[in-house]
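A quick write-up on the structure given underneath.
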Amino acid sequence: MNQMVANIISAMVKDPRFSEAIKEKIGTAVDTADMEKQLEALQTQLRQAMGTKSRLERQMDTLDVTDPYYDRKILDLQYRFDE
């Protein structure tokens, strides 16, 4: 198996297209700007979701259990919280 792998690698290295592709890749800098923007947007979404979660938790905690619509309100808040 090792010999087969060595033969394949040797054949690839002898191919001029392989060496050109390697030179091209080595000369290319990795641009992470798009990934950083995407990360920033996702972090913003996470902060917003966590804020919404906290707000819903507070609303659930402050519901009046004697309210005639308590069950309906808690179900609505629980549904929104789960979403």
Next on the checklist: Any salt bridge linking D76 with R72? Criterion: basic side-chain nitrogen under 4.0 Å from a carboxylate oxygen.
Outcome noted: no

Checklist entry - Between D34 and Q38, do the side chains contain an N or O donor and an N or O acceptor separated by less than 3.5 Å? => result no

Item to check | Option among Q59, R55, K53 that satisfies the side chain to side chain contact (heavy atoms under 4.5 Å, CB included) test with E57 | outcome: K53

Checklist entry - Does M12 share a hydrophobic cluster with V5, counting links as ILVMFWY side-chain heavy atoms below 4.5 Å and allowing steps through other members? => result yes

Checklist entry - Could you give the distance from CG (N7) to CE (M4), rounded to the nearest 0.5 Å? => result 8.5 Å

Checklist entry - Would you find more than 12 non-hydrogen atoms of other residues, nucleotides or ligands less than 6.0 Å from Q43 atom CD? => result yes

Checklist entry - Say you draw a straight line from CG of L77 to CZ of F81; how long is it, rounded to the nearest 0.5 Å? => result 10.5 Å

Item to check | All salt bridge (charged side-chain N to carboxylate O under 4.0 Å, His left out) counterparts of R17, not counting sequence neighbours | outcome: D15

Item to check | Nearest non-hydrogen partners of Y70 and D64, listed with the distance | outcome: CD1-O, 3.4 Å

Item to check | Same apolar cluster: I74 and V65, side chain cutoff 4.5 Å | outcome: yes

